[in-house]
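The residues of the chain are indexed from 1 along the displayed sequence. For the numbers below, each heavy atom of this structure counts, side chains included, while hydrogens, waters and symmetry mates do not.
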Amino acid sequence: MSTPASAASHAATPLHPAFDGQADISARIERLPMTRKVFWTRNIIGAATFFDGYTVIAIAYAMPVLVKEWGLSPQEIGMILSLGYIGQLVGAIFFGWLAERIGRLHVLLLTILLFVSMDIACLTAWSATSMIVFRFLQGIGTGGEVPVASAYINEYVGARTRGRFFLLYEVMFLLGLVGAGVIGYFLVPVYGWRAMFIVGLVPSVLMIPLRWFLSESPRWLASRGRYAEADRIVSDLERSATAAGHVLEEPRPLALRPAQAGKGDWRELFRGIYLKRTLMIWPLWFATHVVNNGMATWLPTLYRQVFNLPLSTSLAYGFTTSGAGVVGALTCAMFIDRVGRKRWYTYALLLAAVPLGLLGWLGATSATQVLVFAAITYAITQSVTFSLYLYSAELYPTRIRAIATGFGSAWLRLGSSAGPLVVGAVLSGFGAIQWVFVIFSALILVTGGFVGAFAVETKGRVLEELSP
């Protein structure tokens with residue numbers, strides 16, 4: 001065990017050249033306790049992610065009013081709901097790539113600026129076409145924020161508590177979904193659909209602490225050969241820890257390969273050990289979000305149109321389902337470091353297929369029936385979907401972590417855009433919602449078996465050793 005003085009002395013020691021410097025930075029981060037700086041870094045980024053989640057789902061709670069006001073067809077509803085996710089696909093890939101080149105923080109500022117400015121544009125929308133365009137552009141910003149933020153948060157914490165630490169941040173996205181439901185319930189019936197987008201302007205103030213309080217990811221700096229800058233940031237974290245009374249252990253040497261330094265190349269996703277991981281994680285992203293977002297975006301409208309519930313009741317049922325998702329996510333956050341990623345995902349997906357299958361078998365004949373079984377399913381599957389940013393970031397090295405997470409979450413966007421379109425197509429083609437749940441049950445069942453066969457366990461393993 002080192003004393004505070006020896007830890008400070010170590011922080012001041014010149015860094016080793018070449019990739020040894022990256023090993024030094026990573027080893028020092030791995031043995032750090034939770035510091036005030038890291039705690040507030042997570043919270044500030046979490047606030048931005050809260051409004052990302054809010055912005056993604058806000059349109060679902062505006063939609064029951066827009067359907068009547070603009071006379072929208074099921075196909076137009078599906079397009080408005082889906083094109084935002086297509087924009088997110090573009091944003092996830094582009095900003096993931098950009099974050100590897102200019103850094104995590106600069107990109108986070110750009111994404112927030114984009115989705116706030118398009119929120120203003122959505123306030124002026126006058127037709128289905130204009131809303132489709134604005135939501136697509138807004139999606140580019142929201143799609144870029146979460147994968148880059150996920151890489152950033154993962155790179156600030158060690159292996160022992162990474163799952164719980166990161167997932168408690170990721171819960172902020174789900175709280176944003178629930179917040180959209182609560183705000184929609186209270187404001188939309190009184191002030192109309194534009195109230196949802198007025199609230200979405202709040203994250204503009206987050207650019208102030210993002211710009212002046214947070215530091216760049218030291219792991220990213222080290223991966224780019226900027227060891228002196230990384231050393232200053234980690235030294236500050238070490239001084240914060242020792243000032244709080246923590247006694248720091250000596251860093252455990254990490255035997256990193258030379259290939260771990262330098263620029264990342266997206267083609268590495270399809271080479272060596274990463275090929276199998278890529279082919280496993282992409283279907284998992286896609287299938288789970290087809291189901292989750294297909295249900296979440298359509299349920300308020302289904303309650304209103306199929307079961308003829310009052311607007312306030314339809315909105316209340318919608319955010320009840322989102323609330324069930326938060327319960328499932330929090331349960332996952334508390335136990336995933338103990339259970340492990342592979343086991344959790346496999347059992348959760350196989351279990352989630354049951355209530356979906358029951359809905360199909362029973363016929364989904366009442367709003368209460370749909371509410372109960374959809375909420376159970378959503379709680380289970382949300383424990384998987386919200387934690388995939390953690391899992392994706394663990395599967396790839398720092399040099400390609402942001403772009404890998406961006407590509408993975410691009411499949412999230414494809415799945416999220418496909419989900420509402422599937423629901424719209426089934427309703428138009430079959431006219432009975434029970435077939436939606438039959439299709440979703442089969443998809444999630446197959447995915448659970450696939451994950452059980454091919455997933456890689458990552459719990460408790462150092463990022464650099466897990467992904468060389």
Side-chain angles (χ1 to χ4, degrees), residues 49 53 56-57 85 146-147 150 154 162-164 166-178 277-297 321-357 373-395 405 408-416 418-419 437 439-459:
T49 300
V56 165
I57 204 67
Y85 292 115
V146 176
S150 299
N154 266 286
R162 187 173 59 238
R164 179 178 297 185
F166 176 82
L167 293 184
L168 288 176
Y169 143 77
E170 189 69 12
V171 165
M172 295 301 293
F173 185 89
L174 304 185
L175 292 177
L177 302 181
V178 176
R277 297 180 184 188
T278 297
L279 295 179
M280 178 275 301
I281 195 70
W282 284 7
L284 179 57
W285 275 108
F286 179 80
T288 54
H289 282 86
V290 166
V291 174
N292 256 30
N293 285 282
M295 290 195 302
T297 54
T321 302
S322 296
V326 173
V327 174
L330 286 172
T331 303
C332 176
M334 299 307 295
F335 294 103
I336 198 166
D337 277 332
R338 184 182 307 173
V339 176
R341 286 52 156 165
K342 179 176 180 176
R343 187 187 302 175
W344 187 285
Y345 295 160
T346 301
Y347 292 157
L349 293 173
L350 296 178
L351 182 61
V354 175
L356 286 173
F373 286 108
I376 293 171
T377 298
Y378 195 75
I380 299 170
T381 56
Q382 193 69 287
S383 75
V384 177
T385 57
F386 101 112
S387 61
L388 289 181
Y389 281 107
L390 164 71
Y391 191 44
S392 289
E394 292 175 329
L395 291 176
T405 307
S409 67
W411 287 94
L412 175 164
R413 315 307 172 183
L414 283 172
S416 296
F437 301 113
I439 293 169
F440 284 173
S441 178
L443 178 60
I444 214 73
L445 185 65
V446 171
T447 305
F450 179 78
V451 170
F454 299 107
V456 175
E457 185 53 69
T458 61
K459 72 168 183 174

Report task. Take T278 and W282 through the side-chain contact (heavy atoms from CB on, under 4.5 Å) test and state the conclusion after the steps. Result -> CA-CA 6 Å; T278 297; W282 284 7; 3.5 Å; yes

Might you point out which heavy atoms bring [X] and [Y] nearest each other, and give the distance in Å?
X: W285; Y: S392; value: NE1-OG, 2.9 Å
X: E170; Y: Y389; value: OE2-CD1, 3.2 Å
X: L349; Y: G448; value: CB-CA, 3.6 Å
X: A333; Y: L168; value: CB-CD2, 4.1 Å
X: A393; Y: N154; value: CB-ND2, 3.3 Å
X: C332; Y: L167; value: SG-CD1, 4.0 Å

Report task. Go through the steps for L445 and L350 under the test side-chain contact (heavy atoms from CB on, under 4.5 Å), then give the verdict. Result -> CA-CA 5 Å; L445 185 65; L350 296 178; 3.8 Å; yes

Answer yes or no: is there a side-chain heavy-atom contact under 4.5 Å between [X] and [Y]?
X: L443; Y: V290; value: yes
X: T381; Y: T288; value: no
X: N293; Y: T385; value: no

Could you give the distance from [atom1] ([X]) to [atom2] ([Y]), rounded to the nearest 0.5 Å?
X: T346; Y: K342; atom1: OG1; atom2: NZ; value: 6.5 Å
X: R343; Y: R338; atom1: CZ; atom2: CZ; value: 12.0 Å
X: I376; Y: T321; atom1: CD1; atom2: OG1; value: 10.5 Å
X: L284; Y: L279; atom1: CG; atom2: CG; value: 13.0 Å
X: L390; Y: L395; atom1: CG; atom2: CG; value: 9.0 Å

Flag for [Y]-[X]: side-chain donor and acceptor within less than 3.5 Å:
X: S387; Y: W344; value: no
X: Y391; Y: T458; value: no
X: N292; Y: Q382; value: yes

Look only at the side chain of [X] and the backbone of [Y], and say whether a donor-acceptor pair between them is shorter than 3.5 Å.
X: S383; Y: I380; result: yes
X: D337; Y: G163; result: yes
X: K459; Y: R341; result: no

Report task. Mind running ring-ring contact (aromatic ring centres under 6.0 Å, His included) on F437 and F440 for me, showing each step along the way? Result -> CA-CA 5 Å; F437 301 113; F440 284 173; 7.1 Å; no

Query raised in the report: Step by step, would you call V291 with T447 a side-chain contact (heavy atoms from CB on, under 4.5 Å)?
Result: CA-CA 11 Å; V291 174; T447 305; over 6 Å; no

Query raised in the report: Run the side-chain contact (heavy atoms from CB on, under 4.5 Å) check on M295 and T377 step by step: do they pass?
Result: CA-CA 10 Å; M295 290 195 302; T377 298; 3.9 Å; yes

Query raised in the report: Hey, is CZ on F454 packed in by over 12 heavy atoms from elsewhere, all under 6.0 Å?
Result: no

